[in-house]
Amino acid sequence: MGATKNIWTAMEANHAKQSHNGNSTFDDHSILHSNLSVDTALPFPLMVPRVIALCKDLFRKWAKLNDSCFSVDTVSGGITNLLLKVSVKEENGEYVSVTVRLYGPNTEYVINRERELQAIKYLSAAGFGAKLLGVFGNGMVQSFINARTLTPADMRKPKLVSEIAKQLRRFHQVEILGSKEPQLWVDIFKFFEKASTLQFEDTDKQRTYETISFKEVHKEVTELKELTTLLNSPVVFAHNDLLSGNLMHNEEQEKLYLIDFEYGSYNYRGFDIGNHFNEYAGYDCDYSLYPSKDEQYHFFRHYLEPEKPYEVSEKDLEALYVETNTFMLASHLYWALWALIQARMSPIDFDYLGYYFLRYNEYKKQKRMCFSLAKSHISGSGKA
């Protein structure tokens, strides 16, 4: 595709109307604020009245409603978020639903919330994700999307693959106000700095942690950074976390939604696509499910030329194949280092240390083939 043409300027984004969700009755230009917070460590029954109090504080027209007019349900509990659906019976008898997103504890170590809030205003105006309605001490409130979350198996269905590719191309064309410097290596080196100086209270975890050679990891990161620089991957506003849980689909309307932009930043196109392909492995991290070359080409055709997918040249397909599968390696390093920080900071019961070794070992497994592919392409001495 070459350098992406930005079709959404800051001014257009500010004035664009979002039409994908009819549930919201709120003004497009008002983002409400509350100083309240909700403790995510509380048992759910104790959390519910605090969520209701939060909604009443944010939305004044609900302030005098009885608590019985509210129902709160868990949508999903991810590693960095707790998503709640709040349904409200308003005074006129109509029901309105919103999504309350509670940030996980200590996620500020790996997520730039200021950057996320800046981006989400423009992305929601451009029709992506849910509309931002309000922010509070440790989260945000968004419009509710009536759709189902995809499974990892859904992401490889040809019809959905083509739609994901088209939507991601459009996502990459949104222009966000602020610095447009790619953040991949900035974030990876920041993660490395934190990850390489941790101390664990648990002696078994500390012993496992001490088996990691950070000198080796730093060498791998530096070597890969130098290689990817030679590929001239376009810099776009990237999602950076396009797993199945961040894709929703309304079958009746045949509408696909990209959601949750907490890792979003300006970044390399190849990283966003390569990271998405890694997510074909699913929650079990079965990397034998990584898409084949033919499956990748199907995605690339609809990404590069949505209206004429079968007119994409072999040369363009090959170039994007090399770009994507080189940056795919960076995805493994990124999430491996992220996992080490989470292993120390997150209260969630998850084997983050094991996840580090899983991702880093997959990087080492794929490195030789992907480096060879990239160097051959760069030198012009071979084909992908």
Side-chain angles (χ1 to χ4, degrees), residues 1-8 155-175 180-185 223-240 242 256 258 266-281 287 289-334 363 365-384:
M1 182 173 68
T4 305
K5 180 183 177 185
N6 292 308
I7 59 171
W8 284 92
M155 292 200 305
R156 64 189 323 123
K157 295 176 179 176
K159 188 174 180 180
L160 280 173
V161 168
S162 60
E163 189 57 33
I164 293 169
K166 291 174 186 176
Q167 289 291 333
L168 187 60
R169 174 192 170 92
R170 204 167 68 82
F171 188 94
H172 287 169
Q173 294 173 323
V174 178
E175 185 172 331
K180 292 176 174 54
E181 288 297 312
Q183 294 301 299
L184 176 62
W185 301 110
E223 191 178 359
L224 181 59
K225 180 179 184 289
E226 290 172 355
L227 179 64
T228 58
T229 301
L230 302 174
L231 294 173
N232 297 317
S233 181
V235 175
V236 297
F237 191 84
H239 187 286
N240 296 323
L242 202 56
L256 181 80
L258 278 61
Y266 273 94
N267 221 339
Y268 301 101
R269 173 183 69 177
F271 177 80
D272 215 12
I273 300 174
N275 184 72
H276 173 63
F277 286 168
N278 272 337
E279 295 297 343
Y280 278 45
Y287 290 105
L289 297 175
Y290 188 80
S292 67
K293 188 173 184 179
D294 285 344
E295 287 176 310
Q296 291 186 48
Y297 272 29
H298 175 68
F299 183 100
F300 297 153
R301 287 188 178 97
H302 290 274
Y303 177 90
L304 291 170
E305 291 288 351
E307 304 304 320
K308 301 174 182 178
Y310 294 98
E311 292 186 13
V312 179
S313 71
E314 187 68 23
K315 180 182 177 182
D316 287 345
L317 289 170
E318 179 189 325
L320 188 49
Y321 178 75
V322 173
E323 177 190 328
T324 295
N325 287 279
T326 309
F327 276 99
M328 170 270 285
L329 294 174
S331 164
H332 286 306
L333 292 177
Y334 180 97
Y363 162 81
K365 180 181 176 182
Q366 300 298 334
K367 178 188 172 183
R368 178 178 292 183
M369 181 194 73
C370 294
F371 266 61
S372 174
L373 182 73
K375 289 177 179 178
S376 175
H377 178 78
I378 292 164
S379 68
S381 62
K383 282 200 167 187

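Quick note: residue numbers are just sequence positions, from 1. Values reported hereafter were calculated over all heavy atoms of this structure, with side chains retained and with hydrogens, waters and symmetry mates removed.
- Under the 4.5 Å side-chain criterion, counting only non-hydrogen atoms from C-beta, E279 is not in contact with L242.
- In this structure, OG in S292 is found 7.5 Å from CZ in R156, a value given to the nearest 0.5 Å.
- Inter-residue side-chain proximity for E295 and V161 is flagged as unmet; no heavy-atom pair is nearer than 4.5 Å.
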### Task
Please step through side-chain contact (heavy atoms from CB on, under 4.5 Å) for the pair K365 and H332, ending with a clear verdict.
CA-CA 11 Å; K365 180 181 176 182; H332 286 306; over 6 Å; no
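- At a threshold of 4.5 Å between non-hydrogen side-chain atoms, the residues N275 and Y334 do not count as touching.
- Atom NZ of K225 has 12 or fewer heavy atoms from other residues, nucleotides or ligands within 6.0 Å.
- Between T326 and L224, some side-chain heavy-atom pair lies under the 4.5 Å cut-off.
- The structure places CD of E307 at 11.0 Å from NE2 of H302, a figure rounded to the nearest 0.5 Å.
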### Task
Starting from the C-alpha separation in whole Å, work towards a yes-or-no answer on side-chain contact (heavy atoms from CB on, under 4.5 Å) for E223 and F371.
CA-CA 10 Å; E223 191 178 359; F371 266 61; 3.7 Å; yes
### Query
Run the side-chain contact (heavy atoms from CB on, under 4.5 Å) check on Y268 and V235 step by step: do they pass?
CA-CA 5 Å; Y268 301 101; V235 175; 4.1 Å; yes
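- Taken from NE2 in H377 to OG in S372, the straight-line distance is 13.0 Å, to the nearest 0.5 Å.
- Here the CG atom belonging to L329 is positioned 8.0 Å from the CE atom belonging to M369, to the nearest 0.5 angstrom.
- Residues R169 and P306 come closest through the heavy atom pair CD-CG, 3.4 Å.
- Residues F299 and L168 have side chains in contact (heavy-atom distance under 4.5 Å, counting atoms from C-beta outward).
- Residues W185 and A330 approach most closely at CH2-CB, 4.1 Å, considering heavy atoms.
- Looking at K180 and E175, their side chains come closer than 4.5 Å, going by heavy atoms from C-beta outward.
- Going from atom CG of L231 over to atom OG1 of T229 covers 8.5 Å, rounded to the nearest 0.5 Å.
- Between H239 and D272 the shortest heavy-atom distance is N-OD2, 2.9 Å.
- The salt bridge (Lys or Arg N to Asp or Glu O under 4.0 Å) pairs that include a residue from residues 319-332 are R269-E323, where partners are two or more places apart or lie in different chains.
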### Task
Report the C-alpha separation of H276 and Y303 in whole Å, then their side-chain angles, then the decisive distance to 0.1 Å, and conclude whether the ring pair (Phe, Tyr, Trp, His ring centres under 6.0 Å) test is met.
CA-CA 13 Å; H276 173 63; Y303 177 90; over 10 Å; no
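- Residues Y321 and F300 come closest through the heavy atom pair CA-CE1, 3.5 Å.
- Nearest heavy-atom pair, N278 versus Y287, reported as atom, atom and distance to 0.1 Å: O-CE2, 3.6 Å.
- N325 and Q296 share a donor-acceptor pair across their side chains, judged by distance under 3.5 Å alone.
- Looking at residues two or more places apart in sequence or on another chain, you find a salt bridge (Lys or Arg N to Asp or Glu O under 4.0 Å) between K157 and D154.
- Separating the NZ atom in K293 from the CG atom in L317 is a distance of 9.5 Å, to the nearest 0.5 Å.
- When all heavy atoms are compared, the tightest approach of N267 to N240 is ND2-OD1, 3.1 Å.
- Contact check for F327 versus L184: side-chain heavy atoms found under the 4.5 Å cut-off.
- Considering only residues two or more places apart in sequence or on other chains, K159 meets the salt bridge (Lys or Arg N to Asp or Glu O under 4.0 Å) condition with E254.
- Proximity of V312 to Y297: side-chain heavy atoms (C-beta onward) are nowhere separated by under 4.5 Å.
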